[in-house]
> 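I have a structure I would like to understand better, so I am pasting it below and will then ask my questions one at a time.
Predicted model only: the values in this text are computed from it and were never measured.
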Amino acid sequence: TLEVLARRHFNCYRQHEPGLIGIGSVPKFSIGQRALLLRTSAGNILWDCIPLIDAATVEIVRGLGGLAGIAISHPHYYSTMVEWSRAFGNAPIHLHSADRDWVMRPDPAIKFWDGDTLQLLPDVTLVRGGGHFPGGTMLHWAKGAGGRGVACCADIATIAQDRKFFSFMRSYPNFIPLSARGVQAIAASLGPFQFDAMYGHYFDRVTPTGAKKILQVSVDRYVAALNGA
């Protein structure tokens, strides 16, 4: 339960850049992902979700303007999304309809969307890239990185430990690689969007510049490896 989890864990925060704050739990719980609080003049979006939500987190996020909505990349991070929604006035939870079957707790706050893109706010767009879930979603923030653009990829495209490349998996626990077609679809989905920085699912998985070029180089390298290069 959340009460038991809060006895030994608490949330910490890191400002990655103006308007983008990471929220994660310590000590590490489960796979240890962190969420992102994206702050804009049109409202705040919580990108992805972490299990622990406590009184301090609620007070801090409310003090920063609350939430206009919650958007989640894929089912691995559905977590306590309903509790987060209720803590902020039943904020709408935006999930891609292709992953509908993975919702274990239906709730009126959950809003399913279809297609390849969904504009949440004037400068914030959800982009379906697929990957290890058919509805795998990324977030594009046009005003991020000083106006150069930001893409939040969770682990749809995983930022390597050296931050110099991305990689891709069909199943992370079983080390099954994603197909060439699946990898190319991820890159193609982001093709129309300009971005220079990319944020993954851990505090330290950030590509601060050159991310769009690095993504294409990584896709080419990955596909070549699949083909025996």
Side-chain angles (χ1 to χ4, degrees), residues 10-26 32-74 77-96 109-111 113 117-129 137-157 159 163 190 193-209 211-212:
F10 61 91
N11 288 337
C12 63
Y13 309 85
R14 175 181 294 175
Q15 182 159 336
H16 288 289
E17 63 174 82
L20 196 63
I21 297 173
I23 306 174
S25 297
V26 290
Q33 81 271 19
R34 62 100 173 85
L36 287 168
L37 178 65
L38 172 58
R39 304 178 66 205
T40 82
S41 59
N44 299 341
I45 297 294
L46 181 73
W47 170 245
D48 275 336
C49 192
I50 58 173
L52 179 59
I53 178 170
D54 56 13
T57 300
V58 172
E59 185 167 348
I60 289 169
V61 174
R62 282 179 179 167
L64 293 171
L67 295 179
I70 299 168
I72 299 181
S73 58
H74 64 295
Y77 304 149
Y78 285 177
S79 190
T80 52
M81 60 184 178
V82 173
E83 281 76 13
W84 279 84
S85 171
R86 291 176 180 170
F88 299 100
N90 296 315
I93 305 167
H94 302 281
L95 308 179
H96 199 279
I110 298 173
K111 311 297 180 185
W113 63 281
T117 62
L118 175 68
Q119 188 167 4
L120 289 184
L121 297 174
D123 298 301
V124 180
T125 304
L126 299 183
V127 182
R128 186 183 74 87
T137 298
M138 295 171 284
L139 180 146
H140 179 257
W141 178 30
K143 289 188 176 180
R148 303 188 309 277
V150 157
C152 300
C153 59
D155 59 353
I156 306 301
I159 299 173
R163 287 47 151 204
L190 287 173
F193 299 91
Q194 295 302 314
F195 60 93
D196 192 47
M198 188 91 98
Y199 289 88
H201 58 314
Y202 295 142
F203 278 116
D204 63 343
R205 298 299 176 93
V206 177
T207 301
T209 189
K212 189 163 188 175

> Closest heavy-atom contact between Gln119 and Asp123?
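In this case the closest contact between Gln119 and Asp123 is NE2-N, 4.5 Å.
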> To the nearest 0.5 Å, how far apart are NZ in Lys111 and CG in Leu95?
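So the gap between those two atoms works out to 11.0 Å.
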> Using every non-hydrogen atom in the two residues, find where Ala154 and Trp47 come nearest and quote the distance to one decimal.
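In this case the closest contact between Ala154 and Trp47 is N-NE1, 4.5 Å.
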> Pro122: what forms a side-chain contact (heavy atoms from CB on, under 4.5 Å) with it, not counting sequence neighbours?
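For Pro122 the side-chain contact (heavy atoms from CB on, under 4.5 Å) partners, ignoring immediate neighbours, are Ala42.
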> Taking everything shown except Gln15 itself, do over 12 heavy atoms lie less than 6.0 Å from its CD?
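For Gln15, atom CD is crowded (more than 12 foreign heavy atoms under 6.0 Å).
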> Rounded to the nearest 0.5 Å, how far does CG of Leu20 lie from SG of Cys152?
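Those atoms lie 5.5 Å apart.
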> Is any side-chain heavy atom of Phe88 closer than 4.5 Å to one of Ile70?
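With C-beta onward as the side chain, the pair stays apart.
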> Once the angle between the rings of His140 and Phe195 is folded into 0 to 90°, is it parallel (under 30°), tilted (30 to 60°) or perpendicular (over 60°)?
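Ring orientation of His140 relative to Phe195: perpendicular.
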> Going from OG on Ser41 to CG on Leu121, what distance comes out if it is rounded to the nearest 0.5 angstrom?
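One gets 8.5 Å once the value is rounded to the nearest 0.5 Å.
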> What residues form a side-chain contact (heavy atoms from CB on, under 4.5 Å) with Ala56, not counting sequence neighbours?
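Partners of Ala56 by the side-chain contact (heavy atoms from CB on, under 4.5 Å) criterion, ordered by chain and then number, come out as Asp54.
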> Side chain of Trp84, backbone of Ala91: donor and acceptor closer than 3.5 Å?
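Not confirmed, Trp84 side chain does not pair with Ala91 backbone.
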> Please enumerate all residues that pass side-chain contact (heavy atoms from CB on, under 4.5 Å) together with Tyr13, with sequence neighbours excluded.
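Listed in chain order: Asn11, Ile21, Ile23, Thr57, Ile60.
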> Hey, does Met81 have a side-chain heavy atom less than 4.5 Å from the side chain of Ile110?
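Ile110 reaches Met81 side chain to side chain.
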> Kindly say whether Leu52 contributes a backbone atom to a donor-acceptor pair with the side chain of Thr80 at under 3.5 angstrom?
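Such a contact is absent between Thr80 side chain and Leu52 backbone.
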> Which heavy-atom pair separates Val26 from Cys12 by the least distance, and what is that distance?
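Looks like CG1-SG, 3.9 Å.
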> List the atom of Ile50, the atom of Gly24, and the distance in Å for their closest heavy-atom pair.
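Scanning both residues, the minimum pair turns out to be CD1-CA, 4.1 Å.
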> Please tell me if the side chains of His74 and Ile156 come closer than 4.5 Å, counting only heavy atoms from C-beta onward.
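Counting from C-beta outward, His74 and Ile156 do come under 4.5 Å.
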> Is there a donor-acceptor pair closer than 3.5 Å between any side-chain N or O of Gln33 and the backbone N or O of Cys49?
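Looks like yes, one N/O pair under 3.5 Å.
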> Do Ile45 and Thr40 come close enough that some side-chain heavy atom pair is under 4.5 Å?
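Sidechains of Thr40 and Ile45: no contact.
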> Please list all pairs passing the side chain to side chain donor-acceptor pair (under 3.5 Å) test where one or both residues lie in residues 195-208, with sequence neighbours left out.
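Non-adjacent pairs meeting side chain to side chain donor-acceptor pair (under 3.5 Å): Glu17-Tyr199, Arg148-Asp196, Asp196-Thr209.
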> Show me the side-chain donor-acceptor pairs of residues 62-69 shorter than 3.5 Å, one per line, residues at least two apart or across chains.
| residue | atom | partner | partner atom | Å |
| --- | --- | --- | --- | --- |
| Arg62 | NH2 | Ala87 | O | 3.1 |

> To check you understand the geometry: which heavy-atom pair defines the closest contact between Val124 and Leu38, and what is its length?
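For Val124 and Leu38, the tightest heavy-atom pair comes out as CG2-CD2, 3.7 Å.
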> Excluding sequence neighbours, so at least two apart, what forms side-chain contact (heavy atoms from CB on, under 4.5 Å) with Arg128?
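Counting only residues at least two positions away or on another chain, Arg128 forms a side-chain contact (heavy atoms from CB on, under 4.5 Å) with His96, Trp113, Asp116.
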> Kindly compute the distance separating CG (Leu120) from CG (Leu118), expressed to the nearest 0.5 Å.
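Rounded to the nearest 0.5 Å, the CG-CG separation comes out at 5.0 Å.
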> I'd like to know if the side chain of Arg39 and the backbone of Pro18 have a donor-acceptor N/O pair within less than 3.5 Å.
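A pair under 3.5 Å: no.
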> Kindly indicate whether the side chain of Leu36, heavy atoms from C-beta on, has any atom under 4.5 Å from the side chain of His16.
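In short, these two side chains touch, coming nearer than 4.5 Å.
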